[in-house]
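This report concerns only the one structure given below.
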There are 2 protein chains.
Amino acid sequence: MTEVEATDHLILEAAREVFLKKGFAGARMEDIAKTAGMNRALLHYYFRSKRELFQIVFDKHFTELQSGLQDILSSEVILTEKIQLIINFYLDKLEANPDLPAFIIQELTVNPERLFLLIKEKQRLPGRTRLVFEEQVREAVRKGRIREIDSRHLIINILSLVVFPYIGRPYAKMFLELDEPSYNAFLKIRRREISSFILKSIQP
Amino acid sequence: MTEVEATDHLILEAAREVFLKKGFAGARMEDIAKTAGMNRALLHYYFRSKRELFQIVFDKHFTELQSGLQDILSSEVILTEKIQLIINFYLDKLEANPDLPAFIIQELTVNPERLFLLIKEKQRLPGRTRLVFEEQVREAVRKGRIREIDSRHLIINILSLVVFPYIGRPYAKMFLELDEPSYNAFLKIRRREISSFILKSIQP
DNA sequence: TAATTATTTAACAATTTTGTTAAACAATAT
DNA sequence: ATATTGTTTAACAAAATTGTTAAATAATTA
């Protein structure tokens, strides 16, 4: 890695940290610079503007999440295993980046058009891979391996159970009266809880 | 309602609309004024500052949600019915204010200290009411009416399934390839889906 | 070592946004 | 009808923030 690439990376890491915590409007270039251990001038020497920096960070994380999910959805494993894979994939990502969902959701709420641009760019519509999953669920229902359920609700249920405790962390912490380490421990245990919850709920 | 009260209300409604869409940092006093059909000068004639306006809006919504949930949790109805009540209470609130959870979560993420102030102020800790629910779940488990489950996971599961489709609306819409009306229809159907999902998952 | 490249400093311009003010005007109440 | 209160206009001050620039300095590379 050359120095330029190293600095590039340093800045993007700092930008990720600040944007994830504060969102676009709340983030300050000054904070990003300080987090990266430098000054604003150098930031602009490497990246034209706040917007550009933000888009790089956002697109990277979003695409990673999205393509990871699609890979799993379209993979050739049995349904229960696939559900496990989705849960584990997301929870691994979230343990590493707890603020990620709040960041993505906030930007998509303020700026929903971005989604369509991003998806067109990547030339990969969710539909195709979702249909594979849809068919798989229908077949499992037909064969009586799981109860009658709409695959769209199933996938949203999975995402909900996995993602909400991270998006809603401050609320949940308060409600359960747990401090940071206890809440993290709670989330660790929860990994198994989610699996059994989901699998139980789709039993025939 | 006097004129003053009417204008007060008008401004707070406008503030609610703009803050819910844009968050604190993203909201503009100019937007709030225009939404209320007036100008910035009058806004400041009624409310000292953006912060003050925001706090009123935030506190009102948060307290409403919180005390509503606590009333239900501590009420004297059987567990399955209580779960239904929670689901319906939240979904009703969310249908009326779809942006509410994103708004609350975003502010709590940026500004977690606020929670403690708010809760101290209201003199109503979540613990007490949560313990009622906790005991109720334990009893149901003991009597074999539901499977072994930690009440904390149960309540987080309920909140997840109910709230996530609203917080994650832009993402879910894209993923399911639904337009606004179709997604709203999906959410309507989902009300029943959530109940059966939860109840199924806690069967003995 | 000389030349090139990366980084800091410090000042500044431009923009955006919040908040204030005074004066004029409109509406309402006494 | 007059006094009070509510509202608009328009200008402005203050602050915060982004982005630029030139010159000095440090680090790397040829």
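A, B, ... follow the sequence lines: proteins, then strands. Residue 1 opens every chain.
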Between atom [atom1] in [X] and atom [atom2] in [N], what is the gap in whole Å?
X	N	atom1	atom2	answer
A:Phe47	D:dT18	CZ	C1'	17 Å
B:Leu43	D:dG6	CG	P	16 Å
A:Arg51	C:dT16	CZ	P	14 Å
A:Tyr45	C:dT8	OH	P	12 Å
B:Glu52	C:dT20	CD	P	11 Å
A:Lys50	C:dT16	NZ	P	13 Å

Determine whether the aromatic ring centres of A:Phe58 and A:Phe103 lie less than 6.0 Å apart.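 When the ring centroids of A:Phe58 and A:Phe103 are compared, they turn out to be within the sub-6.0 Å range.
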Hey, is the side chain of B:Thr7 poking within less than 4.0 Å of OP1 or OP2 on D:dT7, counting only N and O atoms?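 Yes, B:Thr7 has a side-chain N/O under 4.0 Å of OP1/OP2 on D:dT7.
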Under the side chain to side chain contact (heavy atoms under 4.5 Å, CB included) test, which residues partner B:Arg138, sequence neighbours left out?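 Counting only residues at least two positions away or on another chain, B:Arg138 forms a side chain to side chain contact (heavy atoms under 4.5 Å, CB included) with B:Glu134, B:Glu135.
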Any salt bridge linking A:Lys22 with A:Glu17? Criterion: basic side-chain nitrogen under 4.0 Å from a carboxylate oxygen.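 Looking at A:Lys22 and A:Glu17, the cut-off is not met.
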Taking only the side-chain heavy atoms of B:His44 (C-beta and beyond), determine which of C:dT8, D:dG19, C:dT18 contains the nearest atom.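 Selected nucleotide (nearest to the side chain): C:dT18.
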For the side chain of A:Leu42, counting heavy atoms from C-beta on, which of C:dT8, C:dG19, D:dT7 is nearest?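 The answer is C:dT8, which lies nearest to the side chain.
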Examine the side chains of A:Lys200 and B:Gln203 and answer whether a donor and an acceptor come within less than 3.5 Å of each other.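 The criterion, which ignores hydrogens and geometry beyond distance, is not satisfied for B:Gln203 and A:Lys200.
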Any side-chain heavy-atom pair of B:Gln84 and B:Phe89 under 4.5 Å: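 The answer is no; the side chains never approach within 4.5 Å.
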Hey, can you pull the residues of residues 18-41 of chain A with a non-hydrogen atom under 4.0 angstrom from DNA chain C?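 Residues of residues 18-41 of chain A under 4.0 Å from DNA chain C: A:Gly37, A:Met38, A:Asn39, A:Ala41.
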Counterpart residues, side-chain hydrogen bond (donor to acceptor under 3.5 Å, both in side chains), relative to B:Asn39 (two or more places apart):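 Expected list: none.
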